[in-house]
Each structure stands twice: as structure tokens, then as C-alpha cells.
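By convention in this document, chain letters (A, B, ...) are assigned in the order of the sequence lines, proteins followed by strands, and residues within each chain are numbered from 1.
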2 protein chains.
Amino acid sequence: MDARIALGLKFSEWLAMGHDPGGCPVRNLLDRLGDRWSMLLLCALAQGPKRFSVLARVIPDISKRMLSQTLRSLETDGLVLRDVQPTVPPSVTYSLTPLGESFASPLLGLVTWAEANFDVVRAARAQGRSDPGDLSQPSSQVS
Amino acid sequence: MDARIALGLKFSEWLAMGHDPGGCPVRNLLDRLGDRWSMLLLCALAQGPKRFSVLARVIPDISKRMLSQTLRSLETDGLVLRDVQPTVPPSVTYSLTPLGESFASPLLGLVTWAEANFDVVRAARAQGRSDPGDLSQPSSQVS
DNA sequence: CAGCATCCGGGGTGATACTG
DNA sequence: CAGTATCACCCCGGATGCTG
């Protein structure tokens, strides 16, 4: 598979462009989506529109603060739509924008890979490795 | 082809599995690769094996500390291979393991999306916030 | 050259309490 | 219900200096 080649080529381009951190889409993207909750939220919203409380329920270990904050970040980036119903008990529904939906594809790729190779990674992490070449590492400390 | 549906389905599965944070491949993956440098390093190594100093050069804004640390983390997870040449001036070459190469595919998808939609995101970002530091609710309706 | 140890600051993150 | 404000902690990550 020469996705590796293509990736290497892209990296070459970035270098040629002066490697501007602010201008690098990937750096920029990762700064936003690379946090602890963004992608998870995107996955949750891939199921369909959800309300704040529902999101908080399906992702138990996120605080209201981070949920709100992350959602807001996603909204700012145009990935998520925030729909406020001005009812007496406020009802806010979040959903994926077309842009957000378009992100589902690469995200699915990432998720699929993660699931498929989780065991391998865990094995490598636990001890040495499973399939790579040779690993003559001393004691690896995992923070 | 609807990646959104597939993604939503996967999320459903996680929920059914009790949503174990430690057992969730994606959570786990992101904890590792979602940091500031991992994916960038993987991109750089996609070009081919590289030495420590070369990596430090192509990614100017990474400190030796983080470079070493991130590389080690990647190595621990079995994505990167560390090859030490016991020469007098130590020469250490890093390369992608088969596992690491297999990750190039989803990563390429991510990168491609980032490049393709960077402008859109930037536009949304620019329009979203009228003024910096606004703490009040935008109370935005459908634009 | 490669990489570790240490110090140190900033920010991401959680917990709690409050608002509308 | 759907947030926001505040406090405080922890850890990421940079800078520097030392080792082999």
C-alpha cells in the first residue's frame, strides 16, 4: 500500500511550503480535533442529532464544562450545528453540518484502523511487539 | 458509502460494550496519537527512515525532549522502529514498522480531508466569532 | 550526535456552584 | 435543561544543561 508514499509526498510539500505551523492544515486540524473529546463527540453525533443532555449521557466521563466547550469549538469550526429551541425548558440540539459529515469518512478510517489494530498495539505496548521487525528497547516507561 | 452511518453504528457498539474508556480503541488511540507531534512524526517517517537529527530538522519547532519522548511512545506502541548503530558518534535511525505503515492509510485520509477543507474551516472560524473574547452566548440561529 | 534529567510555565481539564 | 464562572490541579511541553 503506498498510502505511505503519498503521505511522505505530502509531508515533502509542507516542507517546501516553508513548514508554516499556522498554515499547515494538519497541524491546525489536530490542534482542534486532536483533543480528548472532539472526535468522540463527532462519532456520537454521527448517529444523528442529539441534545446536550443526551451527549452527556452517552459520554459519561465528560464534564458539562468540556462538553459545552468542545461543542462550541466544533461549532466555531463549522463541523457542528447548534440548534436552540427557545422553549421554557431550554432544548438545544446538536447535529453534524455537511462539513462535519464529510469528516465522517476519514474519521471512520481512523476508527476502523484503531479497532483493527488495537490488539497489536496493546501487545506491543505490553511487552515488545508482535509483528514489527526487531525491537531492542530497554524498559519502556508508559506515562 | 455513508461513512456517517457507519460511524454512528460503531459508536452504538461502543455504548453497548459498556463504553469502557480503557477498552475503547479510539479513546486509547487518540490518547497516544492525538498529541501534538505523533501524527506529524508519522508523516515525516512516511517519507522513509530518518535519523534523530534529521527529524529535528524537518520539524523545527519540536524540542529534542518531545522528539525523543514521542518517538519512544510510538516505538512502544509498535508503530515506529528504532535502529541504533553502535558507532562512535551514535547514529539512530527511526522508521515505520509494518503497523506504522498500515496507519499511513487512515492518516492520509485525515490529512487529505484537512487540506481539502481547511479553507472552509477557516472561513467558518472567521465568521463564527464577530469579536474575540466574547463570553456571551452567540445564540446563533440558522445562518 | 542522540537523548536524558530537571526546572518551570501555561493551559487543558475536572469539580463545584450559580444562572436563566 | 443547558449552560457559565470560578477555582485549582495536573501534565504537556519548552528551555537548558549533562552524559556517552
Side-chain angles (χ1 to χ4, degrees), chain A residues 21 27 30-41 44-45 49-77 80-95 136-143, chain B residues 21 27 30-41 44-45 49-76 80-95 129 132-141:
Chain A
R27 300 286 289 274
L30 256 43
D31 279 350
R32 293 287 183 157
L33 279 12
D35 66 10
R36 201 170 175 185
W37 306 112
S38 292
M39 296 207 195
L40 199 59
L41 241 21
L45 288 175
K50 281 183 168 46
R51 291 176 50 182
F52 188 88
S53 57
V54 174
L55 287 170
R57 194 176 318 132
V58 298
I59 306 178
D61 49 349
I62 188 175
S63 62
K64 287 196 301 181
R65 183 178 180 276
M66 288 316 296
L67 180 55
S68 178
Q69 187 173 305
T70 306
L71 247 11
R72 190 172 272 267
S73 171
L74 256 18
E75 185 196 11
T76 299
D77 283 8
V80 160
L81 178 65
R82 182 165 173 267
D83 183 34
V84 182
Q85 300 298 338
T87 57
V88 177
S91 176
V92 183
T93 301
Y94 294 89
S95 58
S136 55
Q137 65 176 20
S139 58
S140 296
Q141 168 66 325
V142 181
S143 59
Chain B
R27 300 286 290 273
L30 256 43
D31 279 350
R32 292 291 183 153
L33 279 12
D35 66 11
R36 202 170 176 184
W37 305 111
S38 292
M39 296 207 196
L40 198 61
L41 241 22
L45 288 175
K50 281 182 169 45
R51 291 178 50 184
F52 188 89
S53 57
V54 174
L55 287 170
R57 194 176 318 132
V58 297
I59 306 177
D61 49 350
I62 188 176
S63 63
K64 287 196 301 180
R65 181 178 181 275
M66 289 316 296
L67 180 55
S68 179
Q69 186 172 307
T70 306
L71 248 11
R72 191 163 274 271
S73 171
L74 255 19
E75 185 196 11
T76 300
V80 160
L81 177 66
R82 181 165 173 266
D83 182 33
V84 183
Q85 299 299 339
T87 56
V88 177
S91 176
V92 184
T93 301
Y94 294 89
S95 58
R129 39 203 219 93
D134 69 335
L135 299 177
S136 45
Q137 256 306 326
S139 64
S140 58
Q141 207 53 299

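Helix bend of the helix from C:dC1-D:dG20 to C:dG20-D:dC1: the angle between its two end axes, each built from five pairs, comes to 40° after rounding to 10°.
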Return a table of donor-acceptor pairs under 3.5 angstrom between the side chains of residues 50-59 of chain B and protein atoms on other chains or two or more places apart.
residue: B:K50; atom: NZ; partner: B:Q47; partner atom: OE1; Å: 3.0
residue: B:R51; atom: NE; partner: B:S91; partner atom: OG; Å: 3.4

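Taking atom CZ on A:F52 and atom C1' on D:dT4, their separation rounds to 10 Å, with Å as the unit. A straight line from CZ of A:R82 to C1' of D:dT4 spans 12 Å, rounded to a whole angstrom. Straight-line distance from the CD atom of A:Q69 to the P atom of D:dT6: 14 Å, rounded to whole Å. To the nearest angstrom, C1' of D:dG3 lies 11 Å from CG of A:L71.
Put simply, A:S68 has a side-chain N or O that comes within less than 4.0 Å of OP1 or OP2 on D:dT4. Between A:R72 and D:dT4 there is a side-chain polar atom (N or O) within less than 4.0 angstrom of OP1 or OP2.
Atom CG of residue A:L74 and atom CG of residue A:L33 lie 6.0 Å apart, to the nearest 0.5 angstrom. Here B:R32 contributes atom CZ and B:T76 contributes atom OG1; the two are 6.5 Å apart, rounded to the nearest 0.5 Å. Between A:W37 atom CH2 and A:D61 atom CG the span is 4.0 Å, to the nearest 0.5 Å. Distance check, rounded to the nearest 0.5 Å: CD of B:Q69 to CG of B:L67 gives 10.5 Å.
On the nucleic acid side, DNA chain C has its first and last nucleotide under 4.0 Å of a heavy atom of chain A at C:dT13 to C:dG20, going 5' to 3'.
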Interface polar pairs with nucleotides 14-20 of chain D, N/O, under 3.5 angstrom:
residue: D:dG14; atom: OP2; partner: B:S63; partner atom: OG; Å: 3.3
residue: D:dG14; atom: O6; partner: B:R65; partner atom: NE; Å: 3.1

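Considering only residues two or more places apart in sequence or on other chains, B:D83 meets the side-chain hydrogen bond (donor to acceptor under 3.5 Å, both in side chains) condition with B:Q85. Taking B:S38 as the reference, B:D35 meet the side-chain hydrogen bond (donor to acceptor under 3.5 Å, both in side chains) condition, with sequence neighbours excluded.
In terms of position on DNA chain C, the residue among A:D35 and B:V92 whose nearest nucleotide sits closer to the 5' end is B:V92.
Looking only at distances, no side-chain donor or acceptor of B:S68 sits under 3.5 Å from a matching main-chain atom of B:K64.
In this structure, the side chains of A:R82 and A:V80 stay at 4.5 Å or more apart for every pair of heavy atoms.
Scanning both residues, B:L71 and B:L45, for their nearest heavy atoms gives CD1-CD1, 4.4 Å.
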